Amino acid sequence: MARLGNSWLLSIFLVIVPKGYLAQHGGPPPPTRLECHIPYEEDSGMMVRSAIKCIWDPGPPSKTPSIYTLHLESADNSVQQVSGSNTSAYISPMLVSSHSVLSVWVEAKNQHGSASSPRSTFNTAKIMRSATPNIRQHNLVPLEIYWESKCSKQGLSEGQCEVRHRVAPDVNWAEVEKGFHGVYCLENVLPYSWYEFQVRCSCHGSSPSDWSKVYKVESPGAAPVGLLDIWSDCKLSPQSSECTLMWKTPPGWNAGSEILGYVVTLSHWNGTVTLVNASTVAKASDQLTCDKKLCHLMAKDVTAVNVSAYTAYGATTPACLHIPLTAQYERGEPLQLNMSSERVLVSWNPPTQFINNQSKYVVQYKQAGLLKTPAKGFDWIRLNRTQMSATLAGQFENYTAYQVALFLVSPNGSSDHISSTVGYVHQGIPPKVPFFEVVKLKANSVKVIWKPILLPQRRGVIVCYQIGLDSQRVYNLSEQQGDEDRSFRLDYLNPGQNYEVWIRAFTEAGPGPKSTATFKTEGFDFHILFVLVMIFPFISFLLMRKCSWVFKECIGLKKVPDPSNSHVFLKMTHQINICIPVEEPDPVLSHLEIVEYKLAGGKIGHRGSKGAMGALMDQGELAGDGNDCYSKMTDSDEDEDNGPSDYEKRFLPSASEIMCL
C-alpha cells in the first residue's frame with residue numbers, strides 16, 4: 001500500500017481546519033483601520049511627495065511576534081509587497097504612478113498562521129494629508145476655543161473641522177463633533193474643572209489632518225453644590241464617647257472652586273453647642289486633618305454634627321449626622337461576603353422592620369478589633385434603598401480581619417445598625433493562647449482560666465478552643481463573643497498526681513500551637529489521719545455510753561405510764577428530770593430493807609424499814625396473810641389515813657414482788 005506524503009497530509013489538515021482557527025490558536029490578529037496618505041511636513045510647511053504612508057492598527061498584542069507586509073494591487077492586477085513595522089509602512093513613488101487607483105491590504109504572519117486586514121482603495125492624487133491645525137486661544141465665559149487652519153499654506157481651500165473634548169482625569173474623549181470653522185463653543189460647562197480639546201481639519205481635495213496637540217482650559221469657579229458625605233467611627237460607652245467624624249472631600253466640579261475650609265457644628269450630651277471653623281488654607285485648628293479624599297475631625301461626647309464646605313463663591317448646604325448614645329444591636333440577618341485582595345462583594349436580605357423608602361444604605365468596612373479611631377482601612381459607600389449588594393474597593397491583606405457593617409440612614413441623619421460580619425481574604429492558623437493558668441478547687445478538681453486571642457491577632461475565624469488533659473481527655477469548647485476571660489472545670493482527678501493541661505485555638509486553616517500548664521493535685525494529710533485514728537476509740541466509747549444510758553432510761557419509761565401521775569412523785573419534780581440525767585452522783589428514789597420474823601403458828605413474816613424517801617408498812621399487819629406477796633410503799637409525807645391511790649395499787653410493785661425477782 002502506498003504511503004501518504006507529509007505534504008499531502010498537511011494539505012488535508014489545512015482544508016479540514018476551519019477558517020480563523022489558526023489565528024484563534026496562536027496566530028496573529030488581523031490588522032484594522034488601514035489608511036494611506038501623503039504626509040505633510042509640519043516644520044517646513046510643505047508636502048512630502050516622495051512617499052505614501054500607510055498606517056493601521058495591529059490589534060491586541062500577541063505572544064508570538066508577527067511580520068507585517070503591505071500588499072499593493074494596481075489597476076492591471078499586478079501585486080507588489082512592501083515590508084513594514086507593526087503599525088505602518090511607506091510606499092515609494094517608484095512603485096506607483098500619480099493619479100492612479102491603488103488597492104492595499106496588510107498581512108500579519110507568524111509561525112502559527114496569518115491574518116489580513118480589509119482592502120482599502122484610493123486615488124493616489126487625492127490622498128494628500130491636510131496640515132494639522134493649531135489651537136491658539138480660548139474664552140472662559142462662554143467657554144470657547146479658537147484655532148488656525150493651514151489649508152491656505154497648502155494651496156487648498158478651507159474645509160470643515162472636527163472637535164473632541166474630555167474632562168480630566170477622564171481618558172475617554174466625548175463624541176466627535178463636525179462642521180466647525182476656526183471656533184468652537186462648549187455648553188453646560190462643569191465649574192472648577194480642567195477641559196482638554198483637540199481639533200483636526202480637512203482641506204478640499206485632501207484627507208483629514210492629524211489631531212492637534214491637547215489644549216487645556218480650566219473652567220470658571222462657582223459655589224459648591226450638594227451635601228458632604230459625612231460618617232463617623234465611634235467608641236461608645238454609657239459614660240462617654242470618642243468619635244472620629246469623617247467626610248469625603250467633594251469632587252472637583254462639585255466643589256465649584258478651591259475648598260477654603262469647613263464649618264462644623266457639634267451638639268454635645270450636656271446640651272452645649274460648639275462651632276469649629278477649620279481652614280484648609282491657613283491651618284486654624286489642630287483637630288482637623290484632610291487629604292485629597294477624606295477629612296478627619298476628633299470629637300467627644302457628641303450627639304449630632306453638621307458640616308458644610310465653603311469656597312470663595314459660597315458654601316454647601318450643611319450635612320447632618322446623628323451619633324447614637326449607646327452601641328446599637330444588630331437587627332437583621334448576617335451579611336454574605338466574598339473577599340479578594342482588591343475588593344469585597346457584600347450582599348444582604350432587606351430588613352422587614354424598616355419601611356421608609358427615602359432612607360439609604362451605608363456599607364462600611366474597617367480592620368476589626370483595633371482600638372484606634374478611625375480604624376485602619378476605614379471607608380464607606382452610600383447606596384439606594386433598593387440595592388441588596390455592593391462592591392467595596394480597597395487593598396485587603398491576607399490573615400487580617402475586616403469588619404463589614406450595614407446601616408440604614410434616614411434623611412434626617414439618624415442611622416440604624418442592620419447587620420455586620422467579619423471576613424478574611426485568606427485564613428491562617430491562629431497564634432498561641434496569650435494567657436493560660438490553673439486554679440485548684442478540690443483534691444480531685446481544678447479550674448483552667450485563659451484569655452481569648454484578640455481579634456486583630458487571630459488570623460482567621462476561631463472555630464473552637466480545644467483543651468487537653470495529658471493524653472487521656474480532650475474537650476472542644478465553642479468560641480464565644482467578647483474579650484472576657486474564659487474558664488473550664490476539670491473534675492475526677494486523682495489526688496496527689498502530677499498533670500499537664502494544654503489549650504489551643506482552631507481556625508478553618510487548622511489548629512494553632514499549644515499553651516501548656518502543669519499542676520499537682522492535693523493528697524491525704526497523714527497527720528490528721530493519725531490523730532483521728534487515736535481519738536476515735538475514746539470518742540466512740542463516750543458516745544456509746546451516753547447514748548446507752550439515755551436509750552435505756554427512755555425505753556424503760558415507754559413501758560410504764562408517766563410516774564408523775566403518782567402522789568409519791570408529785571412533790572419530787574425538783575429532784576428528777578425524765579430522760580435527762582440528774583446532776584446528783586447517785587440519785588435514790590427509795591431504800592427498801594426486808595426483815596424476816598416468825599409469827600404465831602410458825603409462819604414467817606416480813607417487815608420493811610423506812611428508807612430515805614418513803615416507808616414500807618408491815619405486810620402482815622396489812623394483809624393478815626403471810627402468803628400474800630404484796631407490799632405497799634408510801635411516801636413519808638403522805639397522810640397515813642389516806643389509802644394508796646389507784647395508780648399505786650395498779651403499777652407499783654409490792655415488797656413480796658420485789659423479793660420474788
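Not measured: the values here are computed from a predicted model.
In this structure, Phe519 and Tyr499 have parallel ring planes: the angle between them is below the 30° cut-off, well short of the 60° mark. Between Phe197 and Tyr195, the ring-plane angle classifies as parallel under the 30° and 60° cut-offs.
Contact check for Ile259 versus Tyr310: no side-chain heavy atoms found under the 4.5 Å cut-off. Taking the side chain as every heavy atom from C-beta outward, Val305 and Thr265 never approach each other to under 4.5 Å. Side-chain contact between Phe488 and Ile449: absent, with no pair of heavy atoms (C-beta onward) separated by less than 4.5 Å. Under the 4.5 Å side-chain criterion, counting only non-hydrogen atoms from C-beta, Ile503 is not in contact with Val448. When side chains are defined from C-beta on, Val163 does not count as touching Gln198, because their heavy atoms never get closer than 4.5 Å. Side-chain contact between Lys447 and Val438 is absent, with no heavy atoms from C-beta onward closer than 4.5 Å. Contact check for Trp269 versus Ile323: no side-chain heavy atoms found under the 4.5 Å cut-off. Thr274 places a side-chain heavy atom less than 4.5 Å from the side chain of His268.
Counting all heavy atoms, side chain and backbone alike, Pro434 lies closest to Pro452 at CG-O, 4.0 Å. Scanning both residues, Pro118 and Leu34, for their nearest heavy atoms gives O-CD2, 4.2 Å. The heavy-atom pair separating Arg489 from Ser445 by the smallest distance is NE-OG, 3.0 Å. Across every non-hydrogen atom of Ser116 and Pro31, the tightest pair is C-CD, 4.1 Å. What you find for Lys514 and Lys432 is that their closest heavy atoms are O-CE, 3.3 Å. Between Leu337 and Val344, the shortest heavy-atom distance links the atoms CD2-CG1, 4.1 Å.
Figure legend: cation-pi geometry between Arg486 and Trp450 absent, as NZ or CZ is not positioned both under 6.0 Å from the six-membered ring centre and within 45° of its axis. Cation-pi contact between Arg33 and Trp56: absent, since separation from the ring centre below 6.0 Å together with deviation from the ring axis within 45° is not met.
Between Leu392 atom CG and Glu342 atom CD the span is 14.0 Å, to the nearest 0.5 Å. One distance of note links CG of Asn306 with CG of Leu275; it measures 10.5 Å at 0.5 Å rounding. A distance of 13.5 Å separates NE2 in His296 from SG in Cys243, rounded to the nearest 0.5 Å. Between Thr400 atom OG1 and Leu455 atom CG the span is 10.5 Å, to the nearest 0.5 Å. Expressed to the nearest 0.5 Å, how far CH2 of Trp247 lies from CG of Leu294 amounts to 9.0 Å. From Leu408, atom CG reaches atom NZ of Lys360 across 12.0 Å, with rounding to the nearest 0.5 Å.
With hydrogens and angles ignored, the 3.5 Å screen pairs a side-chain donor or acceptor of Thr249 with a backbone N or O of Lys292. Side-chain atoms of Thr507 come within 3.5 Å of backbone atoms of Gly428 as a donor-acceptor pair (strictly under, hydrogens ignored). In this structure, Ser232 contributes its side chain and Cys234 its backbone to no donor-acceptor pair below 3.5 Å. Remark: the backbone N or O of Asn494 is paired with a side-chain donor or acceptor of Thr521 at under 3.5 angstrom. Judged by distance alone, the side chain of Gln336 and the main-chain N or O of Pro334 form a donor-acceptor pair under 3.5 Å. At distances below 3.5 Å, not a single donor-acceptor pair connects side-chain atoms of Asp170 with backbone N or O atoms of Trp173. The closest donor-acceptor contact from the side chain of Ser414 to the backbone of His322 lies at 3.5 Å or more, if one exists at all. Remark: the backbone N or O of Ala312 is not paired with any side-chain donor or acceptor of Ser257 at under 3.5 angstrom. For the pair Thr303 (side chain) and Ser267 (backbone), a donor-acceptor distance under 3.5 Å is present.
Taking the six-membered ring for Trp, Tyr365 and Tyr402 have ring centres at least 6.0 Å apart.
Heavy-atom contacts from other residues, nucleotides or ligands closer than 6.0 Å to NZ of Lys440 number more than 12.
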Scan the side chains in residues 214-231 for donor-acceptor partners under 3.5 Å anywhere in the protein, sequence neighbours excluded, and list what turns up.
{"unit_1": "Tyr215", "atom_1": "OH", "unit_2": "His138", "atom_2": "ND1", "d": "2.9"}
{"unit_1": "Ser219", "atom_1": "OG", "unit_2": "Leu190", "atom_2": "O", "d": "2.5"}
{"unit_1": "Ser219", "atom_1": "OG", "unit_2": "Tyr192", "atom_2": "N", "d": "3.1"}
{"unit_1": "Ser219", "atom_1": "OG", "unit_2": "Ser193", "atom_2": "N", "d": "2.9"}
{"unit_1": "Ser219", "atom_1": "OG", "unit_2": "Ser193", "atom_2": "O", "d": "3.2"}
{"unit_1": "Asp229", "atom_1": "OD1", "unit_2": "Trp380", "atom_2": "NE1", "d": "3.0"}
{"unit_1": "Asp229", "atom_1": "OD1", "unit_2": "Arg382", "atom_2": "NE", "d": "2.5"}
{"unit_1": "Asp229", "atom_1": "OD1", "unit_2": "Arg382", "atom_2": "NH2", "d": "3.4"}
{"unit_1": "Asp229", "atom_1": "OD2", "unit_2": "Trp380", "atom_2": "NE1", "d": "3.4"}
{"unit_1": "Trp231", "atom_1": "NE1", "unit_2": "Gln364", "atom_2": "OE1", "d": "2.7"}

| said: Is there a side chain to side chain contact (heavy atoms under 4.5 Å, CB included) between Leu469 and Leu493? Walk through the geometry before answering. | reply: CA-CA 10 Å; Leu469 183 63; Leu493 305 177; 3.6 Å; yes
| task | Determine, stepwise, if the pair Leu266 / Leu245 fulfils side chain to side chain contact (heavy atoms under 4.5 Å, CB included). | result | CA-CA 10 Å; Leu266 302 175; Leu245 306 175; 3.6 Å; yes
| request: Evaluate the side-chain hydrogen bond (donor to acceptor under 3.5 Å, both in side chains) criterion for residues Arg504 and Ser515: first the C-alpha distance (whole Å), next the side-chain angles of each, then the deciding distance (0.1 Å), finally the verdict. | output: CA-CA 6 Å; Arg504 61 183 176 182; Ser515 296; over 6 Å; no
| request: Please test Phe506 against Val461 for side chain to side chain contact (heavy atoms under 4.5 Å, CB included), starting from the C-alpha separation and ending with a verdict. | output: CA-CA 8 Å; Phe506 269 81; Val461 178; over 6 Å; no
| message | side-chain hydrogen bond (donor to acceptor under 3.5 Å, both in side chains), that's the test. Do Asp233 and Thr244 meet it? Break it down for me. | response | CA-CA 5 Å; Asp233 185 24; Thr244 300; 5.9 Å; no
| query | After noting the C-alpha distance and the side-chain angles of Trp502 and Phe436, does the key distance pass the ring pair (Phe, Tyr, Trp, His ring centres under 6.0 Å) rule? | reply | CA-CA 8 Å; Trp502 52 264; Phe436 183 55; 9.1 Å; no
| query | Are Tyr424 and Glu508 close enough, and set up right, to give a side chain to side chain contact (heavy atoms under 4.5 Å, CB included), and what steps lead you there? | reply | CA-CA 11 Å; Tyr424 293 81; Glu508 293 182 359; over 6 Å; no
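Ion pairing between a basic and an acidic side chain is recognised when a charged N comes within 4.0 Å of a carboxylate O; Lys248 and Asp379 show such pairing.
Judged purely by distance below 3.5 Å, without hydrogens or angles, the side chains of Thr386 and Asn384 never pair a donor atom with an acceptor atom.
Tyr399 pairs by the ring-ring contact (aromatic ring centres under 6.0 Å, His included) definition with nothing, not counting sequence neighbours. In this structure, the disulfide bond (SG atoms under 2.5 Å apart) partners of Cys290, at least two apart in sequence or on a different chain, are Cys295.
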